[in-house]
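Just follow the structure's listing: the first ligand is 1, and inside any ligand the first atom is 1. Everything quoted here is computed from the prediction, not taken from an experiment. Quick note: residue numbers are just sequence positions, from 1.
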Amino acid sequence: MGIDGASDGAFHFGQALLPDGWADNVRLTVRNGVIIALERDVAPQAGDERRPVVLPGMPNLHSHAFQRGMAGLAEVRGPAGDSFWTWREVMYRFVDRLSADDLRAIAALAYMEMLEAGFTRVGEFHYLHHDRDGGRFADPAEMSAAIVAAAEETGIALTHLPVFYAHSGFGGAAPGHGQRRFLHDLDGFARLVEAARDAARALPDAVVGVAPHSLRAVTPEELRQVVGLAGGAPVHIHIAEQVKEVEDCVAWAGARPVEWLLANVAVDARWCLVHATHVTPAEVAGMAASGAVVGLCPITEANLGDGIFPAAVYLSAGGLFGIGSDSNVLIDATEELRLLEYGQRLAGRSRNVFAGAPGRSTGQDLLDGALSGGAVALGAPAAIAVGHAADLVSLDVGHPALCGRRGAALVDGLIFAAGRSAIDGVWRRGRQVVNTGRHQRREAIVARYREVLERLTQ
Ligand code: ZN
């Protein structure tokens with residue numbers, strides 16, 4: 001059962017962020033969840049849903065929903081040298097125990113929190129495919145169906161990205177025991193993608209792409225075949241997140257991961273390069289020229305100690321970016337954007353890095369960049385315009401951090417001074433899913449999540 005309520009109606013906003021900037025007194029008419037008319041400088045009409053300020057819903061271009069269930073469980077110091085790789089061992093132990101129903105309960109909590117935080121579409125980079133012993137389900141998309149069910153229950157839009165994973169290291173190294181639930185051969189993966197497309201038809205506007213996990217988990221020939229399954233849909237890959245990964249890639253191929261990818265694969269606007277943290281100026285220029293979107297996940301990258309993306313040079317080359325909540329250790333769109341800017345400030349000892357020109361607002365350029373890059377990466381629009389889904393986020397202008405602000409200053413207030421507590425209502429396809437910051441199904445979703453987590457953490 002999906003979110004209830006009419007998806008036909010009309011809205012009136014005192015200020016609205018439209019593709020060409022802020023506009024006043026904007027009225028939207030919505031039919032079957034889609035904006036069919038947009039008027040500016042008009043008065044509200046009787047029966048309109050009236051709000052002072054509205055933004056488009058934000059795409060979350062990179063999530064592993066199940067990892068929400070282990071948020072905060074990897075914050076205890078180990079014997080020596082804690083790193084991404086020791087975190088991954090904790091993640092593998094958690095993943096060992098999850099059933100399809102557990103996955104659904106955890107994903108529903110994560111997607112609910114995403115909507116409350118202003119994310120209205122999620123790119124689910126989904127690699128947990130098989131049963132707990134590694135055995136195959138009768139339906140290859142059993143676990144994908146749990147993700148689809150969580151999206152349906154919460155109302156979030158889904159770009160589903162089934163992951164191809166076959167090896168534990170560069171050069172086709174044999175996978176380890178902890179990876180048994182992730183693995184496919186190419187024929188099995190093609191069947192999964194087909195079955196996932198069928199499962200996603202339960203949703204009104206799902207997109208199904210593909211995700212070769214990383215260059216360490218696929219061979220060049222597998223990569224070519226997996227990308228071939230995408231058609232025009234998005235292709236997402238983890239790349240250059242870790243220094244060790246870069247070193248291993250150089251040892252394998254004599255080239256760095258992004259360098260190798262750009263030289264050997266036709267990378268274009270279908271591609272989302274997730275993290276791309278450790279890149280040279282030449283790789284940065286190549287990524288920007290390719291039309292691909294770099295998927296930045298600042299909270300997770302900080303949590304895992306990955307490093308800092310060279311944003312200033314990438315932005316000056318015209319590169320596209322979006323934001324993702326990745327490990328879901330904390331789900332907060334405003335904090336992703338704030339930390340994205342603050343990481344650059346700390347590393348470069350400067351301010352207003354994401355502002356595109358003198359006089360531009362940093363918050364506005366962060367928001368606009370993440371909206372447009374996120375839309376490209378997830379294969380679905382993220383803007384308030386005729387023909388698009390009515391995916392809307394209203395702000396609480398009574399919040400002290402927003403007092404007396406208009407337009408771009410509201411966005412700076414939201415990102416730098418208020419955070420998600422200033423997010424008020426959220427609508428998906430014209431239906432309200434979040435009211436005064438709370439998802440309409442919060443109670444039931446949290447109750448079921450609590451049951452699952454109490455069992456899994458025993
Ligand atoms: Zn990831």
Discussion item. Please check if the number of heavy atoms outside E443 that lie under 6.0 Å from its CD is greater than 12.
Written reply: no

Discussion item. Quick check on R136: does its CZ atom have over 12 non-hydrogen neighbours (other residues, nucleotides or ligands) under 6.0 Å away?
Written reply: yes

Taking 2.8 Å as the cut-off, does an N/O/S atom of [X] lie below it from the Zn ion (ligand 1)?
X    : value
D326 : yes
H275 : no
H64  : yes

Discussion item. Any carboxylate oxygen within less than 4.0 angstrom of a Lys/Arg side-chain nitrogen, looking at D96 and R181?
Written reply: no

Practice prompt. Starting from the Zn ion (ligand 1), look over the N/O/S atoms of H238 and name the nearest one.
Written response: NE2

Worksheet item: If every non-hydrogen atom of S325 is compared with every non-hydrogen atom of T300, which pair is closest and at what distance?
Response: O-OG1, 3.3 Å

